[in-house]
Every structure is written in structure tokens, then in C-alpha cells.
Amino acid sequence: QVQLVESGGGLVQAGGSLRLSCAASGRTFSSVAMGWFRQAPGKEREFVAVIAWRSGSTYYTDSVKGRFTISRDNAKNTVYLQMNSLKPEDTALYYCAADTRSWRTYYTSRYSNRGEYNYWGQGTQVIVSP
């Protein structure tokens with residue numbers, strides 16, 4: 001069994017920065033991809049960013065390109081989301097997700113779809129004030 005634990009959320013003013021972390025634990029953790037999604041009140045959960053666990057290839061939704069950076073530390077089984085130039089519209093509950101099915105092939109169009117992940121964290125709240 002795999003557990004994903006997010007941290008790093010909080011309240012920040014517009015223009016500020018936050019760094020989210022997602023630590024994965026389990027007997028033997030390995031993944032194809034790890035992603036970040038977010039869900040604002042009354043809205044659907046949406047894709048934010050994904051990173052291929054082996055190659056480090058990344059992909060972002062358009063609204064965060066140039067502001068957010070996803071990275072990973074394979075030795076620590078941790079993925080990060082550095083969020084800069086935050087906007088009030090970035091306010092949401094941020095979720096970490098992983099696909100641990102190692103036989104699957106990574107490609108970006110697959111992993112922007114939340115249905116392609118088999119493990120999810122509980123979320124960390126990000127609030128950006130005007």
C-alpha cells in the first residue's frame with residue numbers, strides 16, 4: 001500500500017510563493033508519474049502539473065506555465081510544486097497523485113487525466129488573498 005502525504009499549503013498574498021511537498025511511502029515505492037491537481041470550491045478537480053518519475057519530463061496546464069515548477073527527489077520519494085507569482089484564482093485544495101503501475105507508458109496526455117492515477121493524497125489547502 002502506498003501513502004501520499006502533502007504539506008506546505010497555507011495563506012499567502014497575491015504575488016507570493018509557496019512550495020508544496022508530497023512524500024510517498026510504501027514498502028517499495030515506484031511510480032510512472034506523479035502529478036498535482038487542485039480543486040476550488042464548487043469546481044471540478046483539475047490538472048496542474050505532472051512529472052515522469054524516471055525521466056523527469058514535465059507538463060503543465062496553461063494557467064500555471066511560467067509560474068509553477070514541478071520537481072522530484074527520487075531518493076526521498078518526494079515530489080514538489082514550487083508556486084510563484086500566486087494569484088487569487090490559484091486558491092484551491094491541492095492534491096498529489098501517483099500512478100504506481102510500472103508497466104504503463106508515460107505520455108503527457110495520459111497523465112493530465114485524473115483517472116490515470118491509482119493513489120491520491122488527502123490534499124493541502126492553498127489560499128491566495130488579493
Using the side chain to side chain contact (heavy atoms under 4.5 Å, CB included) rule, take Trp120 and Leu4 through it: C-alpha gap first, then chi angles, then the decisive distance, then the call. CA-CA 6 Å; Trp120 289 84; Leu4 303 178; 5.5 Å; no

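In this structure the side chain of Tyr111 reaches within 4.5 angstrom of the side chain of Asp99, judged on heavy atoms. Considering only heavy atoms from C-beta on, Tyr106 stays 4.5 Å or farther from Trp53 through its side chain. You'll find the side chain of Arg101 reaches within 4.5 Å of the side chain of Asn118, heavy atoms only. Looking at Ile51 and Tyr59, their side chains never come closer than 4.5 Å, going by heavy atoms from C-beta outward. Asn74 places a side-chain heavy atom less than 4.5 Å from the side chain of Arg72. A 4.5 Å side-chain heavy-atom check between Thr69 and Leu81 finds every atom pair outside the cut-off. In this structure the side chain of Thr91 never reaches within 4.5 angstrom of the side chain of Glu89, judged on heavy atoms. Looking at Ser21 and Lys76, their side chains never come closer than 4.5 Å, going by heavy atoms from C-beta outward.
Using a cut-off of 4.0 Å between Lys/Arg side-chain N and Asp/Glu carboxylate O, Glu116 and Arg104 are scored as salt-bridged. Salt bridge annotation for Lys65-Asp62: present, with a cationic side-chain nitrogen under 4.0 angstrom from a carboxylate oxygen.
Its side chain within the 4.5 Å cluster rule, Leu11 clusters with Ile127 among the Ile, Leu, Val, Met, Phe, Trp and Tyr residues.
Across Pro130 and Pro88, no two heavy atoms sit closer than the pair CA-CG, 4.0 Å. Smallest separation of non-hydrogen atoms from Ala98 and Met34: CB-CG, 4.0 Å. Counting all heavy atoms, side chain and backbone alike, Glu6 lies closest to Cys96 at OE2-N, 2.8 Å.
Within 6.0 Å of atom CD in Gln122, 12 or fewer heavy atoms from other residues, nucleotides or ligands are found, so the atom counts as exposed in its surroundings. Shown here is Gln3, whose CD atom has no more than 12 heavy atoms of other residues, nucleotides or ligands within 6.0 Å.
Under the side-chain contact (heavy atoms from CB on, under 4.5 Å) rule, Phe68 has a single partner from Leu18, Leu20, Leu86, which is Leu86.
Listed by chain and number, the residues in a side chain to side chain donor-acceptor pair (under 3.5 Å) with Tyr94 are Arg38 (sequence neighbours excluded).
The main-chain N or O of Arg110 is never found under 3.5 Å from a side-chain atom of Asn113 such that the two would form a donor-acceptor pair.
A cation-pi arrangement, defined by a distance under 6.0 Å to the six-membered ring centre and an angle within 45 degrees of its axis, is present between Arg45 and Tyr95.
You'll find the ring centres of Phe37 and Tyr117 inside the 6.0 Å limit.
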